[in-house]
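Here's the structure, in structure tokens; my notes come after.
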Amino acid sequence: MLDRLAPAVFVLLWSTGWIVAKFAAQHADPLTFLAGRHGLAAIAFFAVAVVARAKWPKSIGQYAHALISGVFLHGLYLAGVWYAIGQGVPAGLSGIIAGMQPLLTAMVAPFFITERLTLLQKAGLALGFAGILIAISPQILDLFDVGLSGLGFPVIINLISMGSVTYGTLYQKRYLQEGDLLSIASLQFVGALIVTIPLALLLEDLRFDWTQEAVLAMAWSVFGLSMGAVALLLRLIRRGQVSRAASLIYLMPPVVAIEAVILFGEPLTWPMIIGTVIVVTGVYMVNRKARAETVG
């Protein structure tokens with residue numbers, strides 16, 4: 001039952017990260033907020049691991065793999081996305097970049113973990129990306145009117161962050177298939193913290209206003225996102241194909257749009273509705289059980 005519900009629950013939890021970011025940006029610098037989130041998540045996971053008597057890695061190499069995966073899967077990925085958005089990269093463009101991750105994962109997975117996809121799964125990936133483009137087409141058209149003056153560097157950082165989470169996902173699948181997920185998650189957030197703190201010190205004023213809104217946003221980021229959503233993501237990566245887990249990223253922009261309608265009264269456009277239907281279809285195709293015959 002948990003395995004069947006895990007993808008849907010993951011999408012709902014992870015999508016709230018965009019909502020939390022909108023609130024948090026008013027009360028804290030993005031990298032400073034992320035540093036606090038990673039640190040608290042590491043402590044929380046460590047406490048749960050101790051209570052649950054989780055097994056810890058038996059070698060320095062296993063510790064290193066957990067830390068390195070955290071650097072790419074959480075640290076550089078979130079730092080790049082939050083920094084880019086903080087510098088003014090439009091949400092629509094950032095959504096396109098995020099939507100590219102499943103395709104990137106599917107393309108490079110065979111070189112890292114010899115994962116093969118069926119023709120139907122490949123078609124599902126392409127269909128999902130098409131749905132993303134349709135869903136955010138109004139924002140794309142706005143970009144041609146407004147332009148991207150001065151956003152070249154932040155856009156490059158956003159693109160690099162997608163490469164980071166893709167590599168982190170594949171690294172997780174290749175080197176961390178065994179071991180306790182609680183101890184691994186603890187170490188991964190330590191790895192994320194190692195890169196986020198220097199970036200925050202270098203680029204920001206370490207602003208955090210300690211208002212009720214800021215504290216609540218941090219609490220949800222730690223327990224709802226870093227613990228709940230990430231634990232489910234690690235489970236999905238371990239129990240299923242990497243490309244299938246990555247395909248769930250396609251559902252984020254449509255789900256966030258629906259949440260924004262409910263919470264902020266933002267309009268739900270026809271392109272978003274049509275794109276959502278196409279995205280859901282594509283994700284269904286990718287997550288169908290592979291047939292006996294596969295193609296490289």
Side-chain angles (χ1 to χ4, degrees), residues 6 10 14 17 31-83 101 104-105 107-115 157 160-203 218 221-223 225-246:
F10 166 74
W14 196 250
L31 299 181
T32 300
F33 187 92
L34 286 175
R37 169 180 166 178
H38 295 328
L40 291 173
I43 294 172
F45 265 115
F46 177 79
V48 174
V50 171
V51 172
R53 297 183 179 180
K55 295 182 180 180
W56 292 85
K58 298 180 180 179
S59 68
I60 295 178
Q62 290 176 322
Y63 273 97
H65 285 318
L67 291 172
I68 292 172
S69 67
V71 168
F72 291 98
L73 197 60
H74 306 310
L76 294 178
Y77 163 55
L78 290 176
V81 171
W82 281 51
Y83 171 80
Q101 191 224 330
L104 183 60
T105 301
M107 287 188 294
V108 301
F111 300 99
F112 283 84
I113 56 176
T114 64
E115 179 177 292
I157 295 299
I160 292 175
S161 71
M162 286 301 103
S164 175
V165 70
T166 299
Y167 180 74
T169 301
L170 295 170
Y171 193 96
Q172 167 87 19
K173 181 69 175 180
R174 181 172 184 177
Y175 295 108
L176 296 171
Q177 274 295 89
E178 299 180 354
D180 195 293
L181 288 179
L182 290 174
S183 60
I184 289 174
S186 301
L187 295 170
Q188 285 180 327
F189 279 109
V190 172
L193 193 62
I194 290 174
V195 296
T196 307
I197 287 180
L199 289 174
L201 291 172
L202 180 65
L203 301 173
M218 179 65 74
S221 293
V222 173
F223 296 105
L225 293 170
S226 293
M227 296 196 72
V230 169
L232 283 174
L233 177 60
L234 296 181
R235 182 183 179 89
L236 288 168
I237 292 174
R238 175 169 292 186
R239 298 184 67 85
Q241 286 184 317
V242 173
S243 300
R244 289 181 179 180

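In this text, all values refer to a predicted model and were calculated from it rather than measured experimentally.
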Please round to the nearest 0.5 Å and tell me the distance separating atom [atom1] of [X] and atom [atom2] of [Y].
{"X": "Ser226", "Y": "Leu78", "atom1": "OG", "atom2": "CG", "answer": "7.5 Å"}
{"X": "Trp56", "Y": "Ile184", "atom1": "CH2", "atom2": "CD1", "answer": "10.0 Å"}
{"X": "Ile68", "Y": "Leu73", "atom1": "CD1", "atom2": "CG", "answer": "13.0 Å"}
{"X": "Ile60", "Y": "Leu67", "atom1": "CD1", "atom2": "CG", "answer": "11.5 Å"}
{"X": "Tyr77", "Y": "Thr169", "atom1": "OH", "atom2": "OG1", "answer": "9.0 Å"}
{"X": "Thr196", "Y": "Phe33", "atom1": "OG1", "atom2": "CZ", "answer": "12.5 Å"}

Scan Leu199, Val195, Leu201 and name whichever one has a side-chain contact (heavy atoms from CB on, under 4.5 Å) with Ile197. Leu201
Would you find more than 12 non-hydrogen atoms of other residues, nucleotides or ligands less than 6.0 Å from Phe46 atom CZ?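 No.
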Taking the side chain as every heavy atom from C-beta outward, state whether Gln62 and Leu176 have any atom pair closer than 4.5 Å. no
Where do [X] and [Y] come nearest, in terms of heavy atoms and distance?
{"X": "Gln188", "Y": "Gln172", "answer": "NE2-OE1, 2.5 Å"}
{"X": "Gly80", "Y": "Ser161", "answer": "CA-CB, 3.9 Å"}
{"X": "Ser164", "Y": "Val71", "answer": "OG-O, 4.4 Å"}
{"X": "Leu31", "Y": "Leu203", "answer": "CD1-CD1, 3.9 Å"}
{"X": "Tyr83", "Y": "Ile157", "answer": "CD2-CG2, 4.0 Å"}
{"X": "Val222", "Y": "Arg37", "answer": "CG2-O, 3.9 Å"}

Should Ser69 and Tyr175 be marked as a side-chain contact (heavy atoms from CB on, under 4.5 Å) after you check the CA-CA gap, both sets of side-chain angles, and the distance that decides it? CA-CA 9 Å; Ser69 67; Tyr175 295 108; over 6 Å; no
Would you say Ser183's side chain and Lys55's backbone share a donor-acceptor pair under 3.5 angstrom? yes
Give the intermediate values and the outcome of side-chain contact (heavy atoms from CB on, under 4.5 Å) for residues His65 and Tyr171. CA-CA 8 Å; His65 285 318; Tyr171 193 96; 2.5 Å; yes
Using the ring of each side chain (for Trp, its six-membered ring), is His74 parallel, tilted or perpendicular to His38, with breaks at 30° and 60°? tilted
